[in-house]
2 protein chains.
Amino acid sequence: MGIAERKERERADMRRRIVDAAIKMFVEEGYEKVSIRNLADKIEYSPATIYLYYKDKDELLYDVQKEAFAMLAEHFARNLTAADPLERLEQLAWAYIGFYRQNPELYDLMFIIKAPMNAEGEEEKWKNGDSAYDALYHLVAECVEKKVIRFKDPTVAAMSIWAFAHGLISLDLRSRLKVCKLPEKTLNVSIDDSIKAYLDVVRC
Amino acid sequence: MGIAERKERERADMRRRIVDAAIKMFVEEGYEKVSIRNLADKIEYSPATIYLYYKDKDELLYDVQKEAFAMLAEHFARNLTAADPLERLEQLAWAYIGFYRQNPELYDLMFIIKAPMNAEGEEEKWKNGDSAYDALYHLVAECVEKKVIRFKDPTVAAMSIWAFAHGLISLDLRSRLKVCKLPEKTLNVSIDDSIKAYLDVVRC
DNA sequence: CAAATATACTGAACGGTGTTTATTTTCCAA
DNA sequence: TTGGAAAATAAACACCGTTCAGTATATTTG
């Protein structure tokens, strides 16, 4: 009777193996190289086998995205140490951009690439981003309540702050900041300066 | 001797025909459907012919992107009417998001899709975005100079404001704002509210 | 005007993608 | 040991961007 349980365990193990290989490929070789065939090669199975464990590539990427968000959550936990909410908000901002700089390909999957959002049938939810957004929301809500930032509504504040950071990052990731005509060397500096300036503007 | 000129004109005409068809397909069918084969079908030539006029798809999309930026420039020209710089900055913000709502697929090509940035050899420039960025920069610089916004440095200010608007739009375009748990109906309202709140925060 | 050459175009192929199906191999219970 | 279920796969389908050999058309030359 332990057989059904073992089968289930083996199934979970295989899904783990697939997702782990995919994460590794994302980080080491980039999104473009993560094809079903390359992935199958990496885990030494045939491409068709992957479809016994995932209904399509979108569903697989949804799981990879989930893993990436778990990494972000851990990163936040390590870096959000201050007691003061405003200080913690600054730590959140730097942790966020720090995560992007360490894992640009994963950032892409989490916030830009369309594929993983096609999983989860019919606009139900998108649970993967919940933990990260909740962390932001509750922190921002505390800042609004204690009147340390110039926003009135916590939902609007959270959306705005997130949008600003994501906007900067995604323009950088897609080479659109070239237009600002800054020497390549000083571009990262300018991004950091923009974040500092934003925090100054937002602060009460 | 008019032959060389006519040949050149015919070549330009063909490139026009290709770009026009591509723009049409972008707007009507979306990025995914714009394949060389579909495009060739649309203009009633063989796929190989397109490669006589464009070295690869990236170069073609670069020209489509250029066309899209021309449309944005026209959109700005129609909507930036106020004399007061702060008021004009608000008009710019609403014109920007208005353009996105009218042409989400083109916005994608202009600011998110990687392909067109692979054209133009070796990190030379990215001229397509110049006119739009210049419009933003000069307006923001005027606002900084006249001390109507809470930024000190115009470059940082322009980057920040652009990043905020783009962040909001690109999160919306890629369905990441789902996480904010707002009824679909009120999501657009929230985006508008965020922009209004941002303008309030930025204003002196 | 005819022949030679340059130009414009295309059919077919190459190597890649995600995905499906028919078939084979492996495992486990009777 | 054998029959049937489960797991894995080889091969194919329908796409994709791109290249190349070959054909048809237009132009220049003798």
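What's counted below: heavy atoms across the whole structure, side chains too, no hydrogens, waters or symmetry copies. Chain letters run A, B, ... following the sequence lines, proteins first and then strands; every chain starts at 1.
You'll find the ring centres of A/Y45 and A/Y53 outside the 6.0 Å limit. Between A/Y107 and A/Y96, a ring centre-to-centre spacing shorter than 6.0 Å is recorded.
Taking side-chain N and O atoms only, A/S46 has no distance below 4.0 Å to OP1 or OP2 of D/dA8. Dashed line: the shortest gap from a side-chain N or O of B/Y51 to OP1 or OP2 of D/dC20 is not under 4.0 Å. For the OP1/OP2 pair of D/dC16 and a distance below 4.0 Å, the side-chain nitrogens and oxygens of B/N38 include at least one atom meeting the criterion. Dashed line: the shortest gap from a side-chain N or O of A/Y54 to OP1 or OP2 of C/dT19 is not under 4.0 Å. For the OP1/OP2 pair of C/dC9 and a distance below 4.0 Å, the side-chain nitrogens and oxygens of B/T49 include no atom meeting the criterion.
Across the interface with DNA chain C, nearest-nucleotide mapping of A/E32 and A/A48 shows A/E32 to be the residue nearer the 5′ end. Ranked by how close their nearest DNA chain C nucleotide is to the 5' end, A/K55 and B/E44 are led by B/E44. Of the residues near DNA chain D, B/D56 and A/L52, the one whose nearest nucleotide (by heavy atom distance) lies more toward the 5' end is A/L52.
We find that OH of B/Y45 is positioned 14 Å from C1' of D/dA24, with the value rounded to whole Å. When the C1' atom of C/dT7 is taken as reference, atom CZ of B/R11 falls 12 Å away, rounded to whole Å. When rounded to the nearest whole Å, the span between CZ of B/R6 and P of C/dT7 equals 12 Å. Regarding B/E10, its CD atom lies at a distance of 13 Å from the C1' atom of C/dC9, rounded to whole Å. A/L60 places its CG atom 12 Å from the C1' atom of C/dG18, with the value rounded to the nearest Å. Rounded to whole Å, atom P of C/dT17 lies 10 Å from atom CG of A/D41. Summarising the geometry, the separation between OH on A/Y53 and P on C/dT19 is reported as 18 Å, rounded to the nearest angstrom. Atom CD1 in B/I50 sits roughly 13 Å away from atom P in D/dT19 (whole-Å rounding).
Considering CD1 of A/I50 and CD1 of A/I18, their distance stands at 5.5 Å, rounded to 0.5 Å.
The side-chain heavy atoms of A/D108 and B/K114, taken from C-beta on, include a pair separated by under 4.5 Å.
Cation-pi geometry between B/R15 and B/Y54 is satisfied (NZ or CZ under 6.0 Å from the ring centre, within 45° of the ring normal).
In this structure, the nucleotide among C/dC9, D/dT19, C/dG18 sitting nearest to the side chain of A/I36 is C/dG18.
If you check distances only, the side chain of A/R37 never reaches the base of C/dG16 with a donor-acceptor pair under 3.5 Å.
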